[in-house]
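FYI, side chains are in, hydrogens and waters are out, and symmetry mates aren't considered; it's all heavy atoms of this structure. Position 1 is the first residue of the sequence, and the numbers go up from there. Read the numbers this way: they start at 1 and go in the same order the structure lists the ligands and their atoms.
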Amino acid sequence: MTDDASTILLVEDDDATRSFLADNLLADGHDVITADCARHGWRLMETKFPDLALVDVGLPDGSGLDLVRRVREADGVASRVDPLLPILVLSGRRGELDRIRGFEKGCDDYVVKPFSYSELRARVSALLRRAHRRPGMGRLRVGTLELDPPSREVTVRGKRVDLSQKEFALLRALAAEPLRVFTKEELLRGVWGFRSFGVTRTLDSHACRLRQKLGRDGDRYVVNVWGVGYRLVDGPVGA
Ligand code: CA
């Protein structure tokens with residue numbers, strides 16, 4: 001295994017397709033883990049942290065698209081499943097409506113069976129390339145603030161700050177793009193997974209506590225952008 005070997009999760013109940021794909025992805029240098037139903041696929045996402053998932057739509061215990069939706073609704077902290085996991089859906093349905101439904105459930109790409117392996121391989125590489133560019137599970141540093149997602153450790157000027165699960169998830173979401181203003185709807189969806197956006201008071205109270213905890217030494221990290229949402233830093237980082 002090389003350093004850049006990606007772990008690909010394959011959720012597919014058809015034995016022939018599963019072994020064909022697993023053999024070829026292995027030959028292309030990926031690590032492959034496989035599941036033959038949605039339940040097992042979810043468990044592997046929680047325990048093996050794959051870099052990408054290939055998900056068949058017709059699974060014996062439900063639709064692969066419901067699995068995709070469940071991943072997108074994960075909060076990334078309590079369930080340990082990465083809500084931004086790149087997912088490519090494999091489907092026997094080639095209709096426009098079916099493809100649109102796939103994207104609406106949150107898949108990143110959609111390949112219709114029977115597929116050509118070289119095309120699938122190209123699509124997998126493109127998704128992995130894009131995913132490696134996003135700020136993921138690695139250590140994040142914003143000015144004097146540091147976050148370590150795997151251990152959930154947060155420090156300001158080297159001093160440890162204790163955060164609740166949700167406060168940490170909120171901080172991690174904001175730290176992914178420190179200067180961007182995130183709308184309340186985005187944060188609620190990303191951190192709480194709410195589908196209805198009525199409960200902004202929950203967000204406001206967490207943001208307020210987070211601001212107090214990070215701002216003990218006069219640092220201003222969590223900024224309320226009136227009428228819009230929040231961003232992490234006010235002005236130039238480290239100023
Ligand atoms: Ca199937």
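Checked for salt-bridge contact, Arg180 and Glu186 meet the test: a charged N lies under 4.0 Å from a carboxylate O. Salt bridge present: Glu12 and Lys113 bring a charged side-chain N and a carboxylate O closer than 4.0 Å. Salt bridge annotation for Asp204-Arg201: absent, with no cationic side-chain nitrogen under 4.0 angstrom from a carboxylate oxygen.
Between Phe103 and Tyr110, the ring planes lie tilted relative to each other; the angle falls in the 30° to 60° range.
At a cut-off of 3.0 Å, Gly58 is counted among the residues with an N, O or S atom near the Ca ion (ligand 1). Residue contact annotation: Asp13 places an N/O/S atom under 3.0 Å from the Ca ion (ligand 1).
Between the Ca ion (ligand 1) and the N, O or S atoms of Asp56, the shortest distance is to OD2.
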